[in-house]
Amino acid sequence: MEIKNTDLFKEQCYINGEWVNSNNNEIIKVNNPATLEIIGKVPKCGAEETKVAIEAANTSWNNWKGKSAKDRSIILRKWFDLIMSNQEDLAQIMTIEQGKPINESRGEIAYGASFVELYAEESKRVYGDIIPDPLLDRRIVVIKQPIGVVAAITPWNFPSSMITRKCAPALAVGCPVVIKPASQTPFSALALAVLAEEAGIPKGVLNIITGNANEIGQELSVSPIVRKLSFTGSTKIGKILLSQCASTVKKVSMELGGHAPFIVFEDANVDDAVLGAMQSKFRNSGQTCVCANRLFIHEKIYDEFLKKFTVAVSKIKVGNGLEEDVVSGPLIDAYSLEKVKEHVKDAVNTGAKIAVGGDMHELGGNFYKPTIISNVTTKAKITYEETFGPVAPLYKFKTEEEVIKMANNTPYGLASYFYSRDIGRIWRVSEALEYGMVGVNTGLTSKAEIPFGGIKESGLGREGSRYGLDDFLEIKYINMAGI
Ligand code: NAP
């Protein structure tokens, strides 16, 4: 890694405007998933340090919410400018801790920054309402106020943008935040704190704590001071946090796992569909919650799609993400690699065929070959579980009705995609898919301006767009009588 601004690489937590170690000086070592080398360490904090961070956030709250929306907006805009002017360094940090290709890291930094830019603007538009009262001497006024201290717990697959997607709207409306990043990718989070401080975010308003996930998560969930918990990660941990948060009836947002269907109808443009499948499936080596996980291809175009898709996947260059021409990096760890291997083996055992890949990459370590498996049956585990790796399972279908049933046959409901040129079908299928997001003739749908989120076991709430503000606001109704 070559970074110009070496101040960005921090190995301490950021609590109440100070860079600190854990109380007992315990640490977590962080490795580079491409080389397996240790690249640094961060404090292993627990419940005690979390309490301090929550208190700091609470103490800063009055001052932060007391600023005008315009003043908060100016600070956020400065944060955005600083993130973008340090884009290359932040991307380098991300690639060495997460493994994704450097171009994807650059893209994620810009994507993450775009939430800060958007909410710097939206902070000025937290409007209320005046509702006509049936009684003539009264007025009904509705105002929106910041909810209070916000806790954010984020995953390793998008180490920067999952933080800004939560913090920017929270900060914009006047809430302080305590962030717990994933232990595998803490440095991107800590670098954002360096720039937040430089932008003028006051001490205590933004805190980052690394360490023992169970202890920190428990404290953030049960603390009555924390009024909102926003989590992105697996459905399994999301359910634990939901039950923990019940004790204080906290407001929660859950951005959880997905199992996206990717449907190509017989009237689709097959070349466009192949490009969309490449983008949706193989970005971040298949480690995204919105990845195409089940590719349903109409029987009439199945062979053509498989042939073209196989050619495209065979050309993917796998390697260390710091090399400019690499388009697919390693998996995050050995556990993820095992899951991918197991899913492919199980699919083959239940009747599928490997069209390309299907094995560990020659580079060894956490590298797996970009893989297509065809003729997958509904008995295979991959049909029901999120793989989180560079494996595209293909299924053949005959009718629209049949494929909608197959696509919806999962407890998940995050992203979905389909390709068709028939306007009637586009409406019918968009409405029939039980998902929070539908991409029509595109494999890329994420941007700051959209309400990102899922239904069913994929989560609660929306992030991004103007809807993303609502999760950090309380509605208050004031009835004024005697007018
Ligand atoms: P994970 O295991 O659920 O971890 C996510 C975060 O939760 C990490 O910070 C982790 O900390 C923390 N955590 C783990 N156990 C915890 C506990 N008991 N209490 C509180 N926090 C706890 O998920 P992951 O493997 O990092 O991420 C992959 C998952 O995230 C996939 O299922 C993916 O689909 C989902 N995801 C969803 C979205 C979305 O927007 N819907 C976006 C990205 C990813 P440690 O790292 O310290 O263990």
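On a predicted model such as this, the values are computed, not experimentally measured, just so you know. Remember, it's 1-based here, ligands and their atoms both numbered in the order they're listed.
- What sits closest to atom 27 (O) of ligand 1 on the protein, heavy atoms only, is P155 CB, 3.6 Å.
- Salt bridge present: K341 and E338 bring a charged side-chain N and a carboxylate O closer than 4.0 Å.
- Atom 7 (O) of ligand 1 has F231 CE1, 3.3 Å as its closest protein atom, hydrogens excluded (heavy atom only).
- What sits closest to atom 12 (C) of ligand 1 on the protein, heavy atoms only, is I153 CG2, 3.8 Å.
- Checked against the 6.0 Å centroid threshold, F418 and F262 do not count as a close aromatic pair.
- Proximity of E97 to P159: side-chain heavy atoms (C-beta onward) are separated by under 4.5 Å at one or more points.
- Checking only distances, S183 does come within under 3.5 Å of ligand 1, N or O to N or O.
- Here the heavy atom of the protein found nearest to atom 16 (C) of ligand 1 is I237 CG2, 3.5 Å.
- At least one N or O atom of S234 sits closer than 3.5 Å to an N or O atom of ligand 1.
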Between S465 and E449, does a side-chain hydrogen bond (donor to acceptor under 3.5 Å, both in side chains) hold up when you go through it step by step?
CA-CA 4 Å; S465 77; E449 291 78 5; over 6 Å; no

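- Here's the thing with T232: none of its N/O atoms is less than 3.5 angstrom from an N/O atom of ligand 1.
- Nearest protein heavy-atom neighbour of atom 42 (C) of ligand 1: C289 SG, 3.0 Å.
- Distance from atom 31 (C) of ligand 1 to its nearest protein heavy atom, with residue and atom name: F388 CZ, 3.5 Å.
- Annotation: T288 places no N or O atom under 3.5 Å from an N or O atom of ligand 1; distance criterion only.
- If you run salt bridge (charged side-chain N to carboxylate O under 4.0 Å, His left out) between D471 and each of K144, K166, K228, only K228 comes through.
- Protein heavy atom at the shortest distance from atom 35 (C) of ligand 1 is G233 O, 3.2 Å.
- Applying the 6.0 Å contact sphere to CD1 of I455 captures more than 12 heavy atoms from other residues, nucleotides or ligands.
- Salt-bridge annotation for R283 and E104: absent, with no side-chain N of the basic residue lying under 4.0 Å from a carboxylate O of the acidic one.
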